[in-house]
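This report concerns only the one structure given below.
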Amino acid sequence: MSEGEVSLIGTLERVVFSNPENGFLIGTFLEENTVSPITIKGVVFEVQDQQKLHLKGNWENHPQYGKQFAVREYMTVEPNTREGIERYLASGVFPGIGPKTAERIYQKFGEKTFEILDQDPEQLLKIKRFTRKQLQAVKEGREDQQGFREVMTFLHGLGISQAFAARIYAAFGMNSIPLVKSNPYQLTEVNGIGFVSADVYARRLGFGENSPERASCALTYMLEQQAQNGHTCFPRQELIEKTVEELHIKQEVVEDALEVLTEERLVKVLEPAKNSAFGSEMLARPRFYFAEQRIVENFQRLIDSEAFTKFDAERDLIASQENRLGIELDAVQLEAIHAALQNKVLIITGGPGTGKTTLVRFILGLMSRRIPSVALAAPTGRAAKRLTETTSYQASTIHRLLEADNMGFQRNRDQPLESELLIIDESSMIDTLLMDALLDAISSSARLVLVGDVDQLPSVGPGMVLRDLIESELVAVVRLERIFRQAEDSLITSNAHHVRLGRLPELPRGETTEKLKDFYFIRESDPEQIVEKVTRMVSKNIPERFGFDPFQDIQVLTPMHRGVTGSINLNRSLQSVLNPDGTGFEHREQWFKTGDKLMQQQNDYDKQVFNGDTGRIVFCDPKSREIHVTFDQGTVRYTAKEIDQLALAYAISVHKSQGSEYPALILPLTTHHYMMLQRNLLYTALTRGKQLVILIGMEKAVAMAVKNEEARTRHTSLPRHFREMKELMAL
């Protein structure tokens with residue numbers, strides 16, 4: 001056993017909670033030669049009340065429930081006392097056998113009971129009133145138990161952990177052994193097991209590099225990898241070449257596997273599109289292909305349907321609203337308002353200071369007088385909170401709007417949203433699958449206004465829906481270019497627009513920085529010195545000079561995770577100064593300590609926390625490795641197995657900052673970041689700063705980013721679907 005691991009033998013007295021999908025169990029357990037039961041928790045499959053178990057694990061102290069035993073491994077043990085055998089037989093393992101029948105079985109066979117059950121169960125018919133039906137229940141029950149033990153032994157022999165073995169058994173049951181033996185790559189259907197792990201198990205079973213099963217799984221794996229890079233489809237020949245080169249499979253084997261995947265409809269082949277930038281044959285996973293197809297169909301459905309509420313006498317309405325708000329719209333803003341009244345779907349795009357928020361407030365004030373059912377949403381919690389603050393209307397995340405849980409979205413075409421007007425902010429962040437779900441849940445008579453900045457980085461997830469939608473010319477679009485007077489004095493705003501237009505931002509020399517209101521540039525080429533200066537600015541200089549709180553108001557952004565000026569190293573440095581004494585523990589290259597600033601890294605519908613939400617640790621137990629994090633929506637508990645959902649957030653990537661605004665931000669930028677130096681990345685970073693932006697690094701790096709207009713190309717099939725829709729309508 002590993003250090004700190006404990007071994008217990010005893011009886012599972014009662015199952016308090018059990019999740020049949022993942023095997024997680026909470027129960028009361030009575031250890032041998034003791035009188036006080038304990039609480040156990042962990043992945044424990046196929047067990048019943050009163051079953052004897054051999055457990056391995058560790059003691060933990062839960063802040064609310066006290067001392068518990070966390071199970072790491074377990075093994076069922078046949079009871080060897082009369083009381084144990086009778087309780088086991090009557091525990092419900094064998095339907096139809098109660099306490100009295102269990103007592104008669106033991107009276108007849110005594111300590112040989114299990115030998116009889118396994119080797120000659122027909123002898124049970126000698127017992128008075130024992131039926132054929134009960135005999136069948138015993139046979140099936142013992143077969144299931146024996147089969148489960150065989151499956152777990154086989155899987156453990158391949159090096160598969162207890163938790164994953166339990167998931168495999170939950171997915172495939174008694175078929176686990178023949179299925180894994182025939183094609184271990186099918187294990188990728190189990191949550192948490194990817195190609196790399198399945199490949200290891202396959203090699204242990206003798207599958208070669210060029211096996212057809214490996215090639216098929218490798219192709220779908222490579223397509224999924226490209227989805228993580230933002231692509232919803234990918235050039236056929238390039239994918240084949242990548243698979244051959246990176247996974248060392250013969251090309252003819254890969255091509256044969258692709259043909260099979262296509263026939264089985266596991267991969268969609270898209271013929272070269274006419275008049276497309278991508279003239280090659282493309283491959284797509286069906287879920288992305290059909291999601292993009294539905295996006296186009298749903299936009300067309302919304303556009304073609306009549307609005308429930310129609311607006312006439314627009315000039316009078318608009319003039320009345322201008323008087324009410326005490327503002328006068330310019331020509332482009334008037335165009336946007338007319339477009340919102342006349343079109344069921346509208347896109348409003350523009351950079352900082354161009355009046356997007358003013359337009360949203362104006363549209364809300366104009367329409368809400370006749371449309372009471374209004375919904376406002378944004379992709380992230382921070383963006384939704386900001387939308388609430390700027391409009392005085394309650395906004396939510398898109399996931400909450402769609403009532404997301406671990407079963408999916410509860411709002412859909414069958415259960416549509418009741419809202420007649422939907423305004424979605426930060427729309428550039430919406431990826432293909434989320435846009436598909438959102439549009440599917442919007443009623444045909446509703447109006448939709450998408451607000452966003454198309455020049456920012458595209459969504460973290462696959463696709464670039466807002467850009468594709470604007471370029472399709474299917475939907476009415478208003479582009480805001482003018483910077484309003486109140487924003488003209490902001491060097492943050494003017495520099496962001498310089499970058500967007502491909503011009504160098506104004507980087508004044510140090511002796512003039514005293515005159516600046518909101519933008520500073522600090523020249524430094526040494527990465528170690530950059531880290532030191534960033535740490536000093538966050539912990540001392542900025543709070544003293546500007547009054548910003550290091551935790552609540554200041555955010556460090558960086559283009560990369562790795563490297564001296566990457567988020568991992570910057571987090572270490574900032575944590576050591578801002579939170580040196582917190583109680584905590586180490587986890588995957590970082591320490592988590594009470595008081596730390598954290599970010600949620602994925603959507604968790606059970607906890608109702610979502611990718612990009614930030615919070616602070618308020619409880620951290622080094623023994624149980626359990627932490628509690630306070631977010632805007634409340635305090636959330638994380639067990640040791642859930643810690644991977646979190647990361648330190650003193651410094652985060654520019655991509656993770658999308659949808660957020662910070663009173664003060666610092667961005668290190670050097671030529672070491674050359675792989676990430678892109679115009680839209682720098683532009684996105686600058687637009688995150690509200691009152692203060694500090695660039696620290698090299699002028700050359702800034703120039704490289706501004707010059708690099710070619711953001712990483714994303715392959716999507718959305719333009720193809722838009723063209724096909726237009727061609728269909730033209731017939």
### Query
Is a donor on one side and an acceptor on the other found under 3.5 Å between the side chain of S653 and the backbone of K656?
yes

### Query
After noting the C-alpha distance and the side-chain angles of L646 and H587, does the key distance pass the side-chain contact (heavy atoms from CB on, under 4.5 Å) rule?
CA-CA 10 Å; L646 299 166; H587 179 79; over 6 Å; no

### Message
Would V531 and T565 count as a side-chain contact (heavy atoms from CB on, under 4.5 Å) here? Give the steps.
### Response
CA-CA 6 Å; V531 173; T565 56; 4.2 Å; yes

### Query
So do the side chains of Y650 and I554 get within less than 4.5 Å of each other, counting heavy atoms only?
no

### Task
Mind listing the closest non-hydrogen atom pair of A395 and A384 along with its distance?
CB-O, 3.5 Å

### Message
Is the shortest side-chain heavy-atom distance between E420 and T309 below 4.5 Å?
### Response
yes

### Side-chain donor or acceptor of S573 paired with backbone N/O of L570 under 3.5 Å
no

### Message
Please give me the minimum heavy-atom distance between E481 and R500, naming the atom from each residue.
### Response
OE1-NH2, 2.9 Å

### Query
Can you check whether G350's main-chain N or O pairs, donor with acceptor, with K356's side chain at less than 3.5 Å?
yes

### Task
Go through the steps for E60 and R625 under the test salt bridge (charged side-chain N to carboxylate O under 4.0 Å, His left out), then give the verdict.
CA-CA 9 Å; E60 297 180 352; R625 301 175 76 82; over 6 Å; no

### Query
Is there side-chain contact between L346 and R447, with heavy atoms separated by less than 4.5 Å?
no

### Pair D518-S490, side-chain donor/acceptor within less than 3.5 Å
yes

#### Entry: Heavy atoms of other groups near F551 CZ, more than 12 under 6.0 Å
yes

### Task
Under the salt bridge (charged side-chain N to carboxylate O under 4.0 Å, His left out) rule, what do E626 and R637 come out as? Steps first, then yes or no, please.
CA-CA 7 Å; E626 178 176 310; R637 170 179 171 261; 3.0 Å; yes

### Query
So, the side chain of Q658 versus the backbone of P458: is there a donor-acceptor pair under 3.5 Å, distance only?
yes

### Message
Tell me whether K344 contacts the main-chain N or O of L302 through its side chain, where contact means a donor paired with an acceptor under 3.5 Å.
### Response
yes

### Task
Verify the distance criterion only: is there a donor paired with an acceptor across the side chains of Q552 and K597 at less than 3.5 Å?
no

### Atom pair CG (L417) and CG (L448), whose distance is rounded to the nearest 0.5 Å
10.5 Å

### Task
Look up atom CG in L578 and atom NZ in K593, then write down how far apart they are to the nearest 0.5 Å.
10.0 Å

### Query
Can the positive tip of K607 be found less than 6.0 Å from the middle of the six-membered ring of Y638, inside 45° of the ring normal?
yes

### Message
Is the shortest side-chain heavy-atom distance between R616 and V629 below 4.5 Å?
### Response
no

### Task
Please report the C-alpha distance between Q555 and T614 in whole Å, then the side-chain angles of each, then the deciding distance to 0.1 Å, and finally whether the side-chain contact (heavy atoms from CB on, under 4.5 Å) criterion is met.
CA-CA 11 Å; Q555 184 62 58; T614 56; 5.7 Å; no

### Message
Working note: R287 + E224, criterion salt bridge (charged side-chain N to carboxylate O under 4.0 Å, His left out); need CA distance, chi angles, decisive distance, verdict.
### Response
CA-CA 11 Å; R287 74 178 187 279; E224 293 296 339; 2.8 Å; yes

### Task
Might you point out which heavy atoms bring L359 and Q333 nearest each other, and give the distance in Å?
CD2-O, 3.7 Å

### Task
Quick one: pull up CG in L439 and CG in N298 and give me the separation to the nearest 0.5 Å.
5.5 Å

### Message
Tell me whether S18 contacts the main-chain N or O of L25 through its side chain, where contact means a donor paired with an acceptor under 3.5 Å.
### Response
no

## Note on the structure
For G697 and F521, the nearest pair of non-hydrogen atoms, with its separation, is O-CZ, 3.7 Å

### Separation between OG1 of T391 and CZ of R386, rounded to the nearest 0.5 Å
11.0 Å

### Query
Is there a donor-acceptor pair closer than 3.5 Å between any side-chain N or O of K690 and the backbone N or O of A664?
no

### Query
Between D425 and L450, is any pair of side-chain heavy atoms under 4.5 Å apart?
no

#### Entry: Test item: N569 side-chain N/O and V564 main-chain N/O as donor-acceptor pair under 3.5 Å
yes

#### Entry: Salt bridge E661-R688, side-chain N to carboxylate O under 4.0 Å
no

### Message
Testing the basics here: between N61 and S624, what is the closest heavy-atom pair and its distance to 0.1 Å?
### Response
O-OG, 4.0 Å

### Query
Which is it for I530 and K533 under the side-chain contact (heavy atoms from CB on, under 4.5 Å) test, yes or no, and what are the steps along the way?
CA-CA 5 Å; I530 289 175; K533 289 181 178 180; 5.9 Å; no

### Query
Is there a side-chain contact between S459 and R714 (heavy atoms, below 4.5 Å)?
yes

#### Entry: Flag, side chain of D613 to backbone of V609, donor-acceptor distance under 3.5 Å
no

### Query
For the residue pair H628 and F619, does the interplanar ring angle fall in the parallel (under 30°), tilted (30 to 60°) or perpendicular (over 60°) class?
tilted

### Task
Determine, using ring centers only, whether F409 and H399 are less than 6.0 Å apart.
yes

#### Entry: Set of residues satisfying salt bridge (charged side-chain N to carboxylate O under 4.0 Å, His left out) with respect to D436, sequence neighbours excluded
R294

### Query
Would D632 and K385 pass as an ion pair if we require N to O under 4.0 Å?
yes

### Query
Looking at CG of L387 and CD1 of I423, how far apart are the two atoms once the value is rounded to the nearest 0.5 Å?
8.0 Å

### Task
Taking the side chain as every heavy atom from C-beta outward, state whether D596 and L648 have any atom pair closer than 4.5 Å.
yes

### Task
Check whether any side-chain heavy atom of L466 sits under 4.5 Å from a side-chain heavy atom of D468, and report yes or no.
no

### Query
Counting distance only, does the side-chain N/O of D440 pair as donor-acceptor with the main-chain N or O of A437 below 3.5 Å?
no

### Query
Between S419 and S373, does a side chain to side chain donor-acceptor pair (under 3.5 Å) hold up when you go through it step by step?
CA-CA 5 Å; S419 307; S373 52; 5.8 Å; no

### Query
What closest approach, in Å, do F585 and C620 show between heavy atoms, and which atom pair accounts for it?
CE2-SG, 3.5 Å

### Task
Tell me yes or no: between the side chains of Y662 and S657, is some donor less than 3.5 Å from an acceptor?
no

### Task
Drop me the distance from Y520's OH to I542's CD1, to the nearest 0.5 angstrom.
9.5 Å

## Note on the structure
side chain to side chain donor-acceptor pair (under 3.5 Å) filter on R572, not counting sequence neighbours, yields none

